[in-house]
K.L.:
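Submitted below is the structure of interest, expressed as structure tokens.
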Amino acid sequence: MEHIVINGQQPLVGKVQIGGAKNAAVAIVPAAIAANGICIIENLPDIKDVQNLAASIEKLGGKCRFLDEGKTLEVDASCITTHVADYDLCAKMRSSYYLLGALLGRFGKAEVSMPGGCDFGYRPIDYHIKGFEAMGAKCVLEHGWVKVSAEKLTGANIYLDFPSVGATINLMLAAVFAEGTTKIENAAREPHVVDTANFLNMMGAKISGAGTDIIRINGVNELGGGRYTIIPDPIEAGTYMIAAAITNGDITVENIIPKHMDHLTAKLRDMNCQVEEGEDSLRVYRNGDLKGCDVKTSGYPGFPTDLQPQMATLLCTACGASVVTETVFNNRFQYINELKRLGANLKVEGRTAVTKGNCTFTGAQVAATDLRSGATLVLAGLAAKGETTIGNIFHLDRGYENLESKLRALGADIKRVVVEE
Ligand code: UD1
């Protein structure tokens with residue numbers, strides 16, 4: 001078992017290169033199944049979820065080859081021999097649900113285990129299923145498997161009750177091969193939805209409107225391969241921007257799309273941070289003491305739920321009270337119990353967490369409860385007086401590439417240690 005050990009209160013200073021977007025990568029790698037040719041996907045983050053998706057494609061009979069230290073992946077899906085995905089690999093991650101849409105679209109059938117991933121409470125996939133059924137598929141949930149099949153997929157009008165990222169992308173994946181036009185209304189507008197649509201269009205799909213709340217997909221018979229570079233990770237970038245503020249440091253996040261960070265930039269400026277925008281970078285440092293502010297999560301371009309835990313942690317250290325409201329998931333404050341071991345003064349009522357601010361974290365032994373909670377504990381540990389030990393760091397490895405080395409290069413005293421179970 002591995003732990004991360006941090007000796008806190010070092011101001012982090014310097015430049016950090018941001019990797020490819022996890023949530024774009026975990027959609028685009030399965031989307032490569034749709035191609036009847038070789039896809040080369042560049043700027044991938046070197047993380048466990050991407051490795052597990054590549055392994056899943058290999059178990060289906062496809063060929064995957066990592067190049068450039070894991071940052072590029074060559075996928076040849078022309079040799080896929082089965083529509084039944086590996087149960088254990090898929091149960092480890094949420095994004096395995098994209099294999100459903102990709103296999104259903106290309107082969108008319110798919111069997112994938114119920115997805116795993118971070119536990120934020122109830123995370124159903126009923127919108128995905130409803131959408132596949134609207135296109136003519138039959139769906140059965142049995143013995144932990146989701147089984148979908150269709151004689152023929154037909155374009156349909158699909159309205160999502162909530163702009164679900166997963167459902168929007170999954171339905172696009174199936175609809176690229178459906179006969180006629182599919183219209184997805186109340187679609188998610190996240191940058192990784194747009195990135196996945198751009199990747200599919202590069203292969204010959206006919207998708208328009210991605211990035212707005214209505215996406216139209218005109219079905220085609222076949223997609224070819226191609227080369228594609230995925231967007232930088234806004235959540236990784238946001239985590240380092242918050243690291244600059246929480247350690248009273250000065251960090252420039254590079255290789256990003258500043259526009260994708262507008263939600264966080266606005267909040268950091270409200271909190272009395274200086275955020276300087278370059279063409280593909282943002283520099284963050286404090287102007288003086290941090291001020292509290294209120295944050296409410298929502299779909300893009302609103303404040304992302306994936307930065308809510310990190311932001312709530314920063315707000316604990318500001319002068320004055322702040323209110324954090326979570327509107328996307330019904331149980332995304334689980335990290336707070338662990339954060340309290342480090343001294344956090346957050347009080348939760350339903351979907352709202354309130355902090356009085358003025359908190360100084362002190363080192364303690366804690367454990368990550370999910371991916372972003374792990375990042376949150378790292379941030380608190382970086383700000384804390386004394387030593388913090390973080391367990392369950394396999395969560396972090398699912399989504400942050402080279403976390404310790406990137407933080408060490410900025411001046412953090414952080415290491416990974418192996419401990420006996
Ligand atoms: C994706 C991201 C996750 C991010 C989330 C919100 C991936 C692999 N994961 O998760 O990092 O936190 O978007 O930006 O990209 N819902 C239903 N039924 C469904 C689908 C969703 O009720 O069929 C609900 C969910 O319970 C949740 C809300 O819709 O309350 C949003 O979920 P969704 O956008 O689908 O999140 P994920 O795709 O699971």
Side-chain angles (χ1 to χ4, degrees), residues 20-31 45 47-50 52-53 56 90-102 112 114-134 139 141 146 148 158-174 184 186-196 213 230-231 233-236 238-239 260 263-264 296-311 325-335 351 370-376 395-396 398-400:
K22 167 190 171 279
N23 285 347
V26 298
I28 286 172
V29 170
I47 54 172
K48 204 78 195 158
D49 275 12
V50 168
N52 282 340
L53 282 164
S56 302
C90 292
K92 284 185 186 153
M93 27 175 194
R94 182 77 186 157
S95 51
S96 56
Y97 52 29
Y98 293 135
L99 294 171
L100 280 173
V112 180
M114 287 293 286
C118 296
D119 177 8
F120 313 140
Y122 185 47
R123 292 182 82 180
I125 56 163
D126 53 324
Y127 304 163
H128 307 228
I129 303 288
K130 223 171 115 184
F132 293 146
E133 285 174 344
C139 304
L141 305 184
V146 187
V148 290
I158 300 165
Y159 175 84
L160 300 178
D161 290 331
F162 186 94
S164 154
V165 170
T168 302
I169 293 178
N170 226 349
L171 297 175
M172 276 189 332
L173 288 173
I184 306 174
N186 201 24
R189 292 179 285 167
E190 267 67 5
H192 40 287
V193 173
V194 180
D195 213 29
T196 311
D213 57 3
I230 68 166
I231 55 167
D233 196 319
I235 308 302
E236 187 195 17
T239 304
H260 290 171
H263 36 64
L264 179 61
K296 191 180 205 172
T297 64
S298 64
Y300 189 82
F303 195 89
T305 175
D306 285 355
L307 282 175
Q308 177 263 105
Q310 300 91 312
M311 192 63 182
T325 309
E326 171 60 53
T327 72
V328 179
F329 290 108
N330 65 3
N331 191 12
R332 205 167 184 178
F333 288 128
Q334 284 157 320
Y335 64 92
R351 288 193 172 203
D370 62 64
L371 170 57
R372 306 302 169 187
S373 97
T376 291
H395 287 297
L396 276 161
R398 286 191 35 236
Y400 285 90

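Because the structure is predicted, anything quoted here is derived from the model rather than measured. Whatever order the structure lists ligands and atoms in, that order sets their numbers, starting from 1.
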K.L.:
Under the side chain to side chain donor-acceptor pair (under 3.5 Å) rule, collect the residues that match up with S373, sequence neighbours excluded.
P.N.:
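For S373 the side chain to side chain donor-acceptor pair (under 3.5 Å) partners, ignoring immediate neighbours, are T369.
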K.L.:
Treating T196 as the side-chain partner and I28 as the backbone partner, does any N or O pair qualify as donor plus acceptor under 3.5 Å?
P.N.:
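A pair under 3.5 Å: no.
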K.L.:
Side chain of R351, backbone of T327: donor and acceptor closer than 3.5 Å?
P.N.:
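The answer is yes, because a donor-acceptor pair under 3.5 Å joins these two groups.
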K.L.:
Should H192 be counted as touching ligand 1, given the test is an N or O pair under 3.5 Å?
P.N.:
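Among all N and O atoms of H192, none is under 3.5 Å from an N or O of ligand 1.
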K.L.:
Pick one of side chain, backbone, both or neither for how V165 approaches ligand 1, counting any non-hydrogen atom pair under 4.0 Å.
P.N.:
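Under 4.0 Å from ligand 1, V165 contributes backbone and side-chain atoms.
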K.L.:
A side-chain contact here means heavy atoms from C-beta on lying under 4.5 Å apart; do L264 and M311 qualify?
P.N.:
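The answer is yes; the side chains approach within 4.5 Å.
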K.L.:
Please confirm whether Y300 comes under 4.0 Å of ligand 1, counting heavy atoms of the residue only.
P.N.:
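Under 4.0 Å: no for Y300.
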K.L.:
For R398, is there an ion pair with D370 - N to carboxylate O distance below 4.0 angstrom?
P.N.:
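Not counted as a salt bridge, because no side-chain N and carboxylate O are separated by less than 4.0 Å.
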K.L.:
Could you give me the CA-CA distance, side-chain angles and deciding distance for F333 and Q308, then say whether side-chain contact (heavy atoms from CB on, under 4.5 Å) is met?
P.N.:
CA-CA 9 Å; F333 288 128; Q308 177 263 105; 3.4 Å; yes
K.L.:
Examine N23 against ligand 1 and note whether any of their N/O atoms are separated by less than 3.5 Å.
P.N.:
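Yes - when backbone and side-chain N and O of N23 are compared with those of ligand 1, one distance drops under 3.5 Å.
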K.L.:
Partners of H128 by side chain to side chain donor-acceptor pair (under 3.5 Å), sequence neighbours excluded?
P.N.:
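H128: side chain to side chain donor-acceptor pair (under 3.5 Å) contacts with N170.
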K.L.:
Using a 4.0 Å heavy-atom cut-off, which part of D306 comes near ligand 1: side chain, backbone, both, or neither?
P.N.:
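Looking at D306 and ligand 1, just side chain atoms fall under 4.0 Å.
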K.L.:
Which of the numbered atoms in ligand 1 are under 4.0 angstrom from any heavy atom belonging to V328?
P.N.:
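Here the atoms of ligand 1 in question are 27 (C), 28 (C), 30 (O), 31 (C).
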K.L.:
Has P124 got any heavy atom lying under 4.0 angstrom from an atom of ligand 1?
P.N.:
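P124 counts as a contact of ligand 1 under the 4.0 Å cut-off.
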K.L.:
Under 3.5 Å, is there a donor-acceptor pair between the side chain of T297 and the main chain of T305?
P.N.:
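No.
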K.L.:
Taking G238's backbone N and O only, do any of them form a donor-acceptor pair with Q310's side chain (distance below 3.5 Å, no angle check)?
P.N.:
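It does not hold such a pair.
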K.L.:
Give the numbers and elements of all ligand 1 atoms closer than 4.0 Å to a heavy atom of G166.
P.N.:
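Listed by number with element, the hits are 35 (O), 38 (O).
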K.L.:
Applying a heavy-atom cut-off of 4.0 Å, say which part of Y127 lies close to ligand 1: side chain, backbone, both or neither.
P.N.:
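For Y127, the contact with ligand 1 is made by both the backbone and the side chain.
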K.L.:
So is R332 touching ligand 1 or not, going by heavy atoms under 4.0 Å?
P.N.:
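Flag set, R332 near ligand 1.
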K.L.:
Near T305, which atoms of ligand 1 are under 4.0 Å from a heavy atom of that residue?
P.N.:
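The list of qualifying atoms is 6 (C), 12 (O), 14 (O).
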K.L.:
State the atoms of ligand 1, each with its element, that fall below the 4.0 Å cut-off from a heavy-atom position in H128.
P.N.:
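Taking each heavy atom of H128 in turn, ligand 1 has 23 (O) under 4.0 Å.
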K.L.:
If you count the atoms of ligand 1 from 1 in the order shown, which ones are under 4.0 Å from a heavy atom of Y97?
P.N.:
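Ligand 1 atoms under the 4.0 Å threshold to Y97: 7 (C), 8 (C), 10 (O), 37 (P), 38 (O), 39 (O).
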K.L.:
Using a strict 4.0 Å cut-off to heavy atoms of D126, name the atoms of ligand 1 that fall inside it.
P.N.:
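Listed by number with element, the hits are 17 (C), 18 (N), 19 (C), 22 (O), 23 (O).
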